[in-house]
Undergrad: 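I'd like to ask some things about the structure below.
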Amino acid sequence: MRRIRRVSLVDIILLAIRVVVAIGVVIGTYATLSAGKLTWEQWRDLLIFGVAQGSVYALIALGYTLVYGVLLMINFAHGDVFMFGGMTAFFVADALGSSGFLDANPIVGMAIVLVVAMVSSAAVAILLERIAYRPLRRAPRLVPLITAIGASLFISNSVRGLYGEQVKAYPQLKILVGKFEIFGVGILKTHVVVIVSALVIMAALYWFVEKTRTGRAMRAISEDKDTAALMGINVDRTISITFAVGGMLAGAAGVLYAIVFNQVHWFMGFLPGIKAFTAAVLGGIGNIIGAMLGGLTLGVLESIGPNLLLSGLGVPSPNQLRDVVAFSVLVLVLIFRPYGILGRPENR
Amino acid sequence: MRGSASQLRRAISLGLITGAVMLYLVAVGIVLAFSARNTITGVVTLGRLMLAAPPLAAGYVVARRGTDLAPRLVAGLLLGAVSGVIVAAALLFASAVDIRHILVRISPPLLAFLAFDQDASIGALLNLALAAALGLIGAVAAVVPSRVRRPAITGVIGVVVISMLEPFLRPRLTDFKLEGVSRFLFTHKGLSIASAIVVFAIFAVGSVAWPRVRARYRARVAAADPGTQATIRGVTLLLLIVFLLALPQIAGSFLSQVLVFVGLYTLLALGLNIVVGYAGLLDLGYVAFYAVGSYLTALLTSPISSLGVGLPFWVALPIVILGAAVTGLFIGAPVLRLRGDYLAIVTLGFGEIARLLFLSDALKPWFGGTQGILGVPPLFGVAKVSVPILGWQLTGPTLTYYPLLFFCVIAAIVATRLKYSRIGRAWNAMREDEDVAQATGVNVTNYKLLAFALGASVGCLGGAVFATHLASVFPGTFNILVSITVLSIIILGGMGSIPGVVVGALALIGLPELLREFAEFKLLVYGGVLVLMMLLRPEGLLPDRVRQQELHEADEEEEPGADGGALTPAEQG
């Protein structure tokens, strides 16, 4: 039997949005490509930059997804956990850089910086969970979200007070200046390092969640918290570990972000945080592989989108609007596909 | 015996946390920022009080439990001492090792302040002794009966508040020919010792006398016949109106500017309250409506905007409100089917998109890009209005105040009437359980849209007044922080509560405007307010009754033995 549906005003508006967006994308892409505004090399560089930036997003997005998996809450302050790692590690990087250690032993030096960032982010994430979220576990859904917004503001402004307002420039590694030739294609060394490290970290996370006992406990909790507790899993401890793991990934992302963009500051958590959340939803929130794919997709969309779509539509200075592209992706994904690319609609 | 041992252990762990909180306050810079403000000149500054608050409060908390006097006092003393040891150790460390390149606030003046301008080792000992004493005082406060504690606390609060108001009270007292009072109260930007004692006494006596006077008054009103009661109510209302109308004249031009900001945010919060408080939709993009209101007003009224029509404000206003309601519908319609937390993020996205579009070069021909729109005429078309009989000259903030007051009153009345109407009950039902509401015949979609459109209209009204007040609009003013500020006001006051909105705006907008040092830490405090309110009192300071029951439904199911009381989870660590 055919399903009969009442068409409401809301449906019409939603349909109109879909049509407008689709037409815009098609026309913009066609106009840009047919006009040949950028060369193939330029597109390729944008793509690689997108992948590098997307792998940073993916690392942050994993934190959102892990926490969402176990607690079903959006940890709005996760962007600031990311920022805190990058900011704290700056002081170590700066000290190592000015003493010359970083250039003499680049791998050991970067490893130290990375570990400092991961540990400090993880510490903040654990504190955050313990102080702000744990007492609210049984509260109505909006209560922890409002708490998280407050915590985000609190962390970023604490860092502003403690570490100062200035933008801090990370020391540049000599060995990371220049390009690698890979299959005859020159790629910035920093991009290669960022992409490779992100992939390694993600692989480690995947192994941790799939193969270890703690990872199994995490998955059990995301299935059903109460049953997991009955099966002898220490729920509080596992949730703390989840936050710690998410924090470590965010801390690593903080350093990688600093390698790509060369600078850190107290407000840098907000935009990457929102974008990574978009990435997590894009991939299907709670889904680890989805978060990785979502991050890469968003990074590429953000770097190529403005040039591909907007410049084709004749919009002046399209790169000014890259955040608009990211936010539009956020809005469109949440409205039209809140269960993500990989997910299926929930029957709720 | 075991009880007291565990109390001491608790005192030590709380003492460690208290010490950490004190170090945080110092390192984040808030203590030194307020150390220039004398509370009692020559005795204590506001910065010093801030540093004293944690051991006092923690001493009170730790000594609240237990029956025997001695262990409770010892616990307070121990707690203070532990926190003092931490501060002393940090002071010694920071004096020996320069960590200023990491923690930028640890400057020599700060260290001198911490060490009471003594040598670091003497300063460390002083800190230790002071913190221990404060912990003990906190414990004493917990031990004494509340009929002693309450007046004492009120008195201290009175002293602090009066001293904070010094920069505004002193000139106003002079204007009203009360130099004598001002000279008695204030010396060197603070209270003198004598005046502090007097202020303390007045507030302490007041806190005892006020409830009795009020109770007697209420009893008499209740005993009166209905006609008299109506007259009393009418006279009270009239007095309130006269007071509100005369307020800018009493407050003077600077305080009127503060009042305008408070009024503006009250208006915005009244609007958002409909969306968040009544309908239960967390809208983080409220700033979009504020921006749309400002820009529409500027476009329609400014003769040098891209439209260039230069309509009078009151002609443009209906168009602006209509435009806002339509925007509300358009933003509202696609997000209605989303779950609560996704709705919050999507609206945040809309807010940011609005700001970026107003800012962008792409739309510069219409909205002026970073330069915004200039030349917005004042609200009444003239910059100065003189009131005939009273001889008041109204200009700038004292003029903007009146339409703002008018709009706030209208919005408050509309919001109150809505709350107790069929619509308000539908919102209540929807907020508590959407499915059940739908099943009982509430058209959820329409009611959500209605909330969005109403909230948008009120937000736009705020934007319109704002544009005329500043005579221009800039995209930089409309960032996410506006949305979060308005949200903080509602949360602090109490979701769904109209008196709460006013109190929230006074506390979160008025206070930072009065204390200029505060501006830097405003957002930090907003963040803290959001977290602490959600943890300790999610229903807000002046709660709405229905909402309070809703938020405490879960409490009854929890087992009573859980660690609780006034102790903040932040302190539990």
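In what follows, chains carry the letters A, B, and so on, assigned in the order in which the sequence lines appear, proteins first and then strands, with residues in each chain numbered from 1. In this text, all values refer to a predicted model and were calculated from it rather than measured experimentally.
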Undergrad: Tell me, side chain or backbone of B/Phe350 under 4.5 Å from chain A's heavy atoms, or both, or neither?
TA: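 Interface part for B/Phe350: both.
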Undergrad: Against chain A, label B/Ile106 side chain, backbone, both or neither, depending on which of its atoms sit under 4.5 Å from a heavy atom there.
TA: neither
Undergrad: What are the residues of residues 325-333 of chain A, in order of number, with any heavy atom under 4.5 angstrom from a heavy atom of chain B?
TA: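 When heavy atoms of chain B are the reference, residues 325-333 of chain A contributes A/Phe327, A/Ser328, A/Leu330, A/Val331 within the under-4.5 Å range.
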Undergrad: Could you check B/Val335 against A/Leu334 for side chain to side chain contact (heavy atoms under 4.5 Å, CB included), going step by step and ending with a plain yes or no?
TA: CA-CA 8 Å; B/Val335 303; A/Leu334 282 177; over 6 Å; no
Undergrad: Hey, what do you get for CG (A/Leu142) to CE (B/Met495), rounding to the nearest 0.5 Å?
TA: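 Output value for this atom pair is 7.5 Å.
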Undergrad: Roughly how far, to the nearest 0.5 Å, is CG of B/Leu284 from CD1 of A/Ile149?
TA: 4.0 Å
Undergrad: May I ask you to decide if the ring planes of B/Tyr342 and A/Tyr68 are parallel, tilted or perpendicular, using 30° and 60° as cut-offs?
TA: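 Plane angle between 30° and 60°, so tilted.
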Undergrad: Is B/Leu524 close to chain A through its backbone or its side chain, or both, or neither, when contacts mean heavy atoms under 4.5 Å?
TA: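 Both backbone and side chain.
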Undergrad: Side chain to side chain contact (heavy atoms under 4.5 Å, CB included), that's the test. Do A/Phe270 and B/Glu352 meet it? Break it down for me.
TA: CA-CA 12 Å; A/Phe270 178 67; B/Glu352 281 295 288; 4.0 Å; yes
Undergrad: Side chain from CB out, backbone as N, CA, C, O: work out which of these in B/Ile480 comes under 4.5 Å of a heavy atom of chain A, or both, or neither.
TA: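 For B/Ile480, the side chain is the part near chain A, not the backbone.
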Undergrad: Heavy-atom pairs under 4.5 Å with chain A are the metric here; pick the option from B/Gly29, B/Gly280, B/Ser360, B/Gly332 that has the most.
TA: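 Among the listed options, the one with the most contacts to chain A is B/Ser360.
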Undergrad: Report which part of B/Ile30 has an atom under 4.5 Å of a heavy atom belonging to chain A: side chain, backbone, both, or neither.
TA: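 When you check distances to chain A, no heavy atom of B/Ile30 falls under 4.5 Å.
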Undergrad: Atom CD1 of B/Ile345 and atom CD1 of A/Ile274: how far apart are they, to the nearest 0.5 Å?
TA: 5.5 Å
Undergrad: Please lay out, stage by stage, how A/Phe76 and B/Asp341 fare under the test side chain to side chain contact (heavy atoms under 4.5 Å, CB included).
TA: CA-CA 10 Å; A/Phe76 196 84; B/Asp341 42 1; over 6 Å; no
Undergrad: Sort B/Leu523 into side chain, backbone, both or neither according to what part of it lies under 4.5 angstrom from a heavy atom of chain A.
TA: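 Its backbone and side chain both get close to chain A.
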Undergrad: Tell me, side chain or backbone of B/Ala27 under 4.5 Å from chain A's heavy atoms, or both, or neither?
TA: both
Undergrad: Taking the six-membered ring for Trp, are B/Tyr24 and A/Phe154 ring centroids under 6.0 Å apart?
TA: yes
